[in-house]
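Nothing fancy with the numbering, it's 1 onward along the sequence. Order of listing sets the numbers, starting from 1, for every ligand and every atom in it.
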Amino acid sequence: MRHIEREELKPEESDQLLLLPGGHPPLWNHMDSIGPVGLQQREGAPGCSQEGLPCPSDSSELVLECLQQFKVTETQLQQIQASLLGSMEQALRGQATPASAVRMLPTYVGSTPHGTEQGDFVVLELGATGASLRVLWVTLMGTEGHRMEPQSQEFVIPPEVMLGPGQQLFDFAAHCLSEFLDALPMDKQGLQLGFSFSFPCHQTGLDRSTLISWTKGFRCSGVEGHDVVQLLRDAIERQGAYSIDVFAVVNDTVGTMMGCEPGVGPCEVGLVVDTGTNACYMEEARHVAVLDEDRGRVCISVEWGSFSDDGVLGPVLTTFDHALDRESLNPGAQRFEKMIGGLYLGELVRLVLAHLAQRGVLFGGCTSPALLSRGSILLDHVAEMEDPLAGAARVHALLQDLGLSVGASDAELVQYVCAAVLTRAARLCAAALAAVLSRLQHSREQQMLQIAVATGGRVFERHPSFLSVLQKTVMLLAPQCDVSFIPSVDGGGRGVAMVTAVAARLAAHRRLLEENLAPFRLNHNQLAAVQAQMREAMVKGLRGEASSLRMLPTYVRATPDGTERGDFLALDLGGTNFRVLLVRVTAGGVKITSQVYSIPEDVAQGSGQQLFDRIVDCIVDFQQKQGLSGQSLPLGFTFSFPCRQLGLDQGILLNWTKGFSASDCEGQDVVCLLREAIGRRQAVELNVVAIVNDTVGTMMSCGYEDPRCEVGLIVGTGTNACYMEELRNVAAVAGDSGHMCINMEWGAFGDDGSLDLLRTCFDANVDQASINPGKQSFEKMISGMYLGEIVRHILLRLTSLGVLFRGQQTQRLQTRDIFKTKFLSEIESDSLALRQVRAILEDLGLPLTSDDALMVLEVCQAVSQRAAQLCGAGVAAVVEKIRENRGLEELTVSVGVDGTLYKLHPHFSGLVAATVRELAPRCAVTFLQSEDGSGKGAALVTAVACRLAQMARV
Ligand code: G6P
Ligand code: BGC
Ligand code: BGC
């Protein structure tokens, strides 16, 4: 690791920062010394310049002019740095402008390695080193073990494979994989592979990555725009030699950064200069517009190779750069890379040498077919020629191999050319890196930045001067950054294995999550079976046969017809709130005044007398506040519990539900209990006319606006439905014409075990912990009182499996009812970013990562989706029954709905409607959300009863 002390450099030295082999003084000072010495005469030979050889002064001018072009001033470097930084920040904000586009691609790597990763991993590297791919076997030993050297093998990729059909390339890679594995003595079961794919890709996950465009000598067809992980998986499958799981795809810069030894790092920047060039760095997630994250960091692949702001690059692009670009596989693209990447440096040197030869400055003015053919001078050649020790001799040897006759000063001039090309590359790379460092300073609001940069690639390995020029230039361009450069030890293979280890762990977590959520994902057949079972239970219930659906007659025979009039008191007990209402029904409509009162848990679970006394207290308080004291208005009582009604004003409570368990009520006529409580209170007169279930109240309330409303649905604390049944089908009530509203009490559906196939262990946990185990099975899979608890039990299980919260069980999460159902509605709301999901969970004291938040969101979605679908299957059974009752091909019907869960959950109502459309396609169902609750409905039922009683009296 090389560290340069600050005072080492003076500004004016920067421009002359062109280190020459063997420590020669800077080139520019040299130029005027390049005398005629080096220039021999060779007139008329083939490939030699026909025009007369330039005079010494002209040729040195020519050389100066050539190499001067490669001189990039500090000002230009600062402009490039600033423009690149601007382009990076634009791209982060999602405002990338094609002109200067650096891509800033999120890589889904959210943290630098913490060394705990363990296991054996296969790494396939494609694209980092040009025409070769490498396969590695990397064993990670976690924090304890010593470091194991990866085993690797390099395979040369034939040019026709780099330019042919994509399938051929991936088949070639799969072939190399199995060839490598064949030679390995290890057990090759459950192989986990990390794919280092060094090209610009849009990643949508650690193992999903779409190639944007090829770079660096690759141009296979049928790959751009495709997911390269899938292409590799398909090729491995076609190869059929090994079952290999591809867990992660990683850009080589990320592998380089992640491969940084935790001891010396962590490195937060990965810099690669090999055939191509690029960098990645850890950006604050909140600054990356495409990610709705506000916490943590994410690794961004800058893809600076495509930086091409003509404004700042124009002046530094030489004629040779333009020539190289014109001849390249991707003209106009990757302009910045073509000035830095190892694939191009040799070519630039060749173009300059050919130019100088044709101008008679080099090789006696003679060229050679090799010198004129593209790609004849490679990166390694430049490295050798530039080598201060062996350089000159190597230059001679190499140039002779190219069929050139090398004059005395040619070797030195050629070294100047190599140095000029390389120095420019290092300085441009430094300007780009300085832009990244400035970005890090911005995003971390740090004046002084101390940072470790992992470097990788053969330009670093082969050109020692590259790093020193780079460092010095970075020092000048980013003086507030204290940068340590850490060469990656194995080209990033270990880093890719680290990312793969994290990906494998996340994939295992995802599999466990899916295993636990799978039972919540109900398919069409399962829902149709629930619909059919409910239908069957309805028929049995109506006939008075054993059924988990009690199908209770309500003695409401008609929905309102709009002639109702008068003032009515209404009570609404059984939902989230207890309400007392004054309902004024006039020709102009219904006016409601109401007040919410609480029923404390100890009253709801105390004595019946206490409960009904509390109710009467509230009525009296309401009457006083409304100036109704002493008036005995007809009262309608919405009592949202299963009651066998013997008449409109008689209802025997069958059993409490929803957390109520007041004693001495079950089996009692609750109207009597109310009247007794009224009786216990002096000077209070109330005329209880009707008791209705909240589903009936809701149906009546909506029926007042829409006469087609013949179904009432509640999805709140509890759940239930009622509907207008043909009286002939109601065995418990005499008469066979006309209709009667039936309170299904579908909350109890499945109490006979008919839902056991769908019940999960989490449902069983919730049921066992409830005050009425074995009861209200359907309700406990659907309604607001229970969904939060189901989610909590799933989170507990996933935590115990280590999938969530790093496996840390917290006291809070073990607290009953801590995870309110309203959290589901909040967490699943589309407008809520993941960060807000995290905020809700953090308030619960849960230590979570962003992956955790995502998984909690998926758990909530699975639980609420099942609830909505089951509810939809129930409604489908009801409307189909009505349609068939009436022998209709098509039925148009409305359903009045109320309940906090249905009203507040962002997707519940839509899922219910979709399920009904799917299961009852011959019913056109409109869902009407009740505005005034069922209190209004109870008042309307009372009004109808009063009107009928009135008519009976006349
Ligand atoms: C409304 C109705 C109540 C019903 C309740 C159910 O408030 O007026 O009669 O019981 O909805 O929903 P909830 O979410 O309060 O349990
Ligand atoms: C690619 C990058 C890669 C770089 C270094 C560039 O051509 O676009 O994805 O990181 O080369 O290999
Ligand atoms: C009760 C029903 C009520 C439903 C909705 C259930 O627990 O048994 O009577 O309609 O909750 O409030």
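- At a cut-off of 3.5 Å, with distance as the only test, no side-chain donor of T215 or Q334 sits close to an acceptor on the other residue.
- Contact annotation: G305 has no heavy atom less than 4.0 Å from any atom of ligand 2.
- Minimum interatomic distance between S701 and K936 (heavy atoms only, all atoms of both residues): OG-CD, 3.5 Å.
- Against a heavy-atom cut-off of under 4.0 Å, E303 is close to the following atoms of ligand 2: 1 (C), 2 (C), 8 (O), 9 (O).
- Around ligand 3 you find S640, F641, P642, T657, K658, N693, D694, T695, I714, G718, T719, N720, E745, Q776, E779, each with a heavy-atom distance below 4.0 Å.
- Evaluation of the side-chain contact (heavy atoms from CB on, under 4.5 Å) rule for Q650 yields L646, D669 as partners, not counting sequence neighbours.
- Atom numbering of ligand 2 starts at 1 in the shown order; those under 4.0 Å from a heavy atom of G276 are 5 (C), 11 (O).
- At a cut-off of 3.5 Å, with distance as the only test, no side-chain donor of N720 or D694 sits close to an acceptor on the other residue.
- At a cut-off of 3.5 Å, with distance as the only test, no side-chain donor of N693 or T554 sits close to an acceptor on the other residue.
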Which atom pairs, donor and acceptor, lie under 3.5 Å between side-chain atoms of residues 570-579 and protein residues at least two apart or in another chain?
{"unit_1": "D572", "atom_1": "OD2", "unit_2": "R579", "atom_2": "NH2", "d": "3.2"}
{"unit_1": "T576", "atom_1": "OG1", "unit_2": "T900", "atom_2": "OG1", "d": "3.4"}

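- Ligand 2 has at least one atom lying under 4.0 Å from a heavy atom of N251.
- Between the side chain of K658 and the backbone N or O of T719 there is no donor-acceptor pair closer than 3.5 Å.
- Among protein residues, D572, G575, T576, R579, T638, S640, D694, I714, G716, T717, D898, G899, T900, G933, S934 come within 4.0 Å of ligand 1, judged on heavy atoms.
- Sulfur atoms SG of C709 and C702 are positioned 2.5 Å or more apart.
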